[in-house]
Amino acid sequence: MKGMNDIFSDEILTRHYVNSTAANVFRRYGFSEVQTPILEEIDIFIRSAGKGSDIVTKEMYTFNNDDGKIICARPEGTAGVIRALIQNKLISNETESKVFYIGSMFRKERPQRGRFREFCQIGAEFVGSDTSTVDIEFLAMIYDWLSNLPLKSSVKLLINDLGEPEERKKYLQSFKKQFRPVIDEFCDFCKKRFNKNTLRLLDCKNITCKRMTQFAPNILDFLNSKSIKRFNEVQEGLKNLKIPFKVSKTLVRGLDYYTKTVFEFVSESGLGSQNAIAGGGRYDGLSHALGGPDVPAIGMAAGLERILLLLEKEKLNLDSNTPDLAIIYADEPGRKKAFELLFKLRNRGLYIDFEHKIKSVKSQMRRANRLKTKEVLIIGTREIENDEVQIKSMNSGQIRLEKLSSI
RNA sequence: GUGGAUGUAGCUCAGUUGGUUAGAGCACCAGGUUGUGGCCCUGGGGGUCGAGGGUUCAAGCCCCUUCAUUCACCCCA
């Protein structure tokens, strides 16, 4: 299927590696893993990502359920996780919930580099507090994780503050007021999204649009003193931890639920235009919007395949599964005995390889070499009669003898 | 949804202005004396040239259609 991939051994190893790196780091910060269904009622995404968002309007795989409800394959992780926390009564103002998840998401888009219809997100959610230290620790955690990966191409952290809903509303009004009279000068895309996805004009790649929006009002000017103080605290905290970052006033996120701190970790090379490897932000209103208690939260999601693309160039030296021993037969009696030995030795927990087709010793040796087998055991009539088998190290070529009866 | 590129062996690709049995490298298989890998040598298998139609005496090459992949826009992880 378009944009959906079959994944085999080598890539699986790398995926496990990246996933476990994330899990290990997240656990050190007190996060525990959560798994939620791939299918959800469409409603939670309409209420979270936003009715007008591209994800909801044209990118979801939807189905009619028997009970008349519309369900869909989750296009992102946060909404489902928050829904699960609410339903299981794990969210309250008194406690905090820290969870991470790893799993497939689905969006019906045209595939391109770093973008697939089924893709894996590694995400984390910190629910229950909105002090600035939460944001700092959360960003530090992601930075910690990414730093643990051998990503040569530098990954940069961009942050911005979208303010509280009222502040954002005022900002939007001012923005629209300024550009509505001259909207005809923008590109066609910008004209279209001016009303429903206004802030997107800020990161349009069109040169004319860019020239126009450089005179746009700054969101930071619309924050009240409390919000500004908070944003400054976050920046100070990052500086103290020596985490490099850049404030990007054009950083706007595509999902409606974000408030206050938003961020993106972008790669400067190796990925085409899909250069965000992790993104997220604070979503203080989401729990309430989904019918739960009004509790603030911050979350992030990283694109596993995008990280994999960056890792492609690196030599990872992951332990691949190579046989401890191959049992090689020299003739028919040897083959019978070899097949017996196969199970005996496997029961000791070893990975044993065996050629089922009738092949020459030379051919079996070649196979052992190809599979990077550590040792081979050679058995034929001679060995059975003398009660002595050859065990050859494929690395050194040395052969030692062992009693067949003692194996 | 829009635009561009590409589809020839398992993989990476050649294939001259349309002209006989479509090639290479790697991989794979078998040999190189008697039951022993890697290097080397020799030989071998494997392709309805993405699919369907058309032009032509003749199509891998030209035209149309379609599918797939890919890159970019859009959007986002």
Side-chain angles (χ1 to χ4, degrees), chain A residues 1-5 49-50 52-60 74-78 101-124 142 187-190 192-193 196-197 200 203-206 251-255 258 263-267 271-281 299-310 326 328-335 355 357 359-383 389-399:
Chain A
M1 286 184 76
K2 191 193 280 290
M4 309 211 178
N5 302 308
S53 68
D54 278 24
I55 288 181
V56 168
T57 54
K58 55 191 189 197
E59 292 175 2
M60 287 203 298
R74 59 187 183 192
E76 60 101 29
T78 300
Y101 58 87
I102 298 172
S104 282
M105 306 297 157
F106 300 83
R107 290 182 203 170
K108 206 170 2 181
E109 307 176 89
R110 283 282 281 271
Q112 69 185 72
R113 185 170 180 79
R115 191 175 77 183
F116 307 96
R117 290 185 162 192
E118 176 176 5
F119 58 102
C120 183
Q121 278 193 339
I122 300 171
I142 305 164
C187 73
D188 290 347
F189 282 119
C190 284
K192 256 188 236 165
R193 61 190 164 192
K196 67 169 193 185
N197 210 347
R200 276 276 153 205
D203 64 3
C204 184
K205 283 159 188 129
N206 185 294
L251 175 62
V252 284
R253 316 242 66 239
L255 279 53
Y258 287 111
F263 59 87
E264 237 169 50
F265 286 83
V266 297
S267 162
L271 299 173
S273 47
Q274 314 300 318
N275 67 345
I277 66 171
M300 78 94 187
L304 176 58
E305 288 81 3
R306 291 186 187 173
I307 293 172
L308 256 37
L309 282 172
L310 295 179
I328 289 180
Y329 54 85
D331 48 26
E332 195 46 38
R335 188 164 176 272
E355 170 67 82
K357 290 187 188 128
K359 295 269 185 167
S360 67
V361 172
K362 180 175 188 159
S363 166
Q364 293 176 75
M365 288 298 293
R366 278 210 256 251
R367 168 188 171 120
N369 189 58
R370 175 161 31 92
L371 296 177
K372 297 193 170 71
T373 309
K374 296 175 191 81
E375 287 185 322
V376 298
L377 181 155
I378 298 165
I379 184 165
T381 308
R382 215 156 64 205
E383 282 76 9
V389 292
Q390 294 181 40
I391 295 176
K392 180 173 186 175
S393 157
M394 294 299 281
N395 220 346
S396 65
Q398 300 261 315
I399 294 174

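Just so it is clear, the model here is predicted, and its values are computed rather than measured. Basis for what follows: all heavy atoms, side chains included, without hydrogens, waters or symmetry-related copies. Letters A, B, ... are given to chains in the order of the sequence lines, protein chains preceding strands, and every chain is numbered from 1.
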Nearest-Å distance once atom C1' is located in both B/A72 and B/U55: 35 Å
Can you tell me the pairing partner of B/A24 across any strand shown, Watson-Crick or G-U wobble, with both distances under 3.5 angstrom? B/U12
Nearest-neighbour nucleotide for the A/R370 side chain, B/C29, B/A77, B/G38 considered: B/C29
Got a donor-acceptor pair under 3.5 Å from the side chain of A/K362 to the base of B/G32? yes
Can you tell me the base-pairing partner of B/U17? Count Watson-Crick or G-U wobble geometry only, both distances below 3.5 Å, and say none if there is no partner. none
If I pick the P atom on B/G60 and the same atom on B/U12, what distance separates them, to the nearest angstrom? 23 Å
Side-chain donor/acceptor of A/N369 to base of B/G38, under 3.5 Å: no
Nearest whole Å is fine: how far is B/C74 P from A/E59 CD? 13 Å
Tell me whether A/R115 is salt-bridged to A/E109, with the criterion being a basic N under 4.0 Å from an acidic carboxylate O. yes
Using the side chain to side chain contact (heavy atoms under 4.5 Å, CB included) rule, pick out the option among A/R117, A/M60, A/K58, A/K2 that qualifies with A/K108. A/R117
Name the pairing partner of B/C61, where a pair is Watson-Crick or G-U wobble with both distances under 3.5 Å, or state none. none
If B/A68 has a Watson-Crick or G-U wobble mate with both distances under 3.5 Å, name it; if not, just say none. B/U6
Check: A/C120 and A/M105 side chains under 4.5 Å, non-hydrogen atoms: no
Do you see a donor-acceptor pair shorter than 3.5 Å between the side chains of A/S363 and A/S360? no
By the 4.0 Å heavy-atom rule, please label A/G114 as base, sugar-phosphate, or nothing. base
Mind checking who B/C73 pairs with, Watson-Crick or G-U wobble, both distances under 3.5 Å? B/G1
Name the nucleic acid region contacted by A/G397, choosing base, sugar-phosphate or nothing; use a 4.0 angstrom heavy-atom cut-off, strictly under. base
Ranking B/C74, B/U36, B/A77 by distance to the side chain of A/R193, first place goes to B/C74
Presence of A/R366 side-chain N/O under 4.0 Å of B/C28 phosphate oxygens OP1/OP2: no
About how many Å separate CD1 of A/I378 and CD1 of A/I399, when rounded to the nearest 0.5 Å? 6.0 Å
B/U69 phosphate, OP1 or OP2: any side-chain N/O from A/K2 under 4.0 angstrom? yes
How long is the line joining CD of A/E383 and P of B/U36, in whole Å? 12 Å
Using a heavy-atom cut-off of under 4.0 Å over every strand shown, decide if A/A368 touches base, sugar-phosphate, or nothing. nothing
Rounded to the nearest angstrom, tell me the gap between atom CZ in A/F119 and atom P in B/C75. 16 Å
Minimum-distance nucleotide (side-chain atoms of A/R110 versus B/A77, B/U36, B/U2): B/U2
Of the non-hydrogen atoms in A/A278 and A/M300, which two are nearest, and what is the gap between them? CB-SD, 4.5 Å
Inter-nucleotide P distance (B/A59, B/U20), Å rounded: 11 Å
Separation of A/M365 atom CE from B/A30 atom C1', in whole Å? 17 Å
Heavy atoms only, 4.0 Å cut-off, all strands: where does A/I277 land among base, sugar-phosphate and nothing? sugar-phosphate
Of A/F189 and A/G280, the one whose nearest nucleotide on RNA chain B sits closer to the 5' end is A/F189
Once you round it to whole Å, what is the distance between P of B/G3 and CD of A/Q112? 16 Å
Would you indicate, yes or no, if B/U70 has its OP1 or OP2 atom less than 4.0 angstrom from a side-chain nitrogen or oxygen of A/R115? no
Is any side-chain N or O of A/S363 closer than 4.0 Å to OP1 or OP2 of B/A30? yes
Which one, B/G37, B/C73, B/A77, comes nearest to the side chain of A/R107? B/A77
For the P atoms, the ones on B/G45 and on B/G23, what distance do you get once it is rounded to whole angstrom? 12 Å
Length of the line joining A/Q274:CD and B/U70:C1', which is rounded to integer Å: 13 Å
Ranking B/C71, B/C74, B/U36 by distance to the side chain of A/D54, first place goes to B/C74
Rounded to whole angstroms, how far apart are CZ on A/R113 and P on B/U6? 19 Å
Respond yes when some side-chain nitrogen or oxygen of A/K359 is under 4.0 Å from OP1 or OP2 of B/A30, and no when none is. yes
Is it the case that the side chain of A/T57 and the backbone of A/S53 share a donor-acceptor pair, with hydrogens and angles ignored and the cut-off at 3.5 Å? yes
Rounded to whole Å, please give me the gap between CE in A/M394 and P in B/U36. 13 Å
Looking at B/G37, does its base get a donor-acceptor pair with the side chain of A/R367 below 3.5 Å? no
Start at the 5' end of RNA chain B and walk down; is the nucleotide closest to A/A302 or to A/V361 reached first? A/V361
Side-chain donor-acceptor pair present, A/S393, A/Q398, cut-off under 3.5 Å: no
Name the nucleic acid region contacted by A/F265, choosing base, sugar-phosphate or nothing; use a 4.0 angstrom heavy-atom cut-off, strictly under. nothing
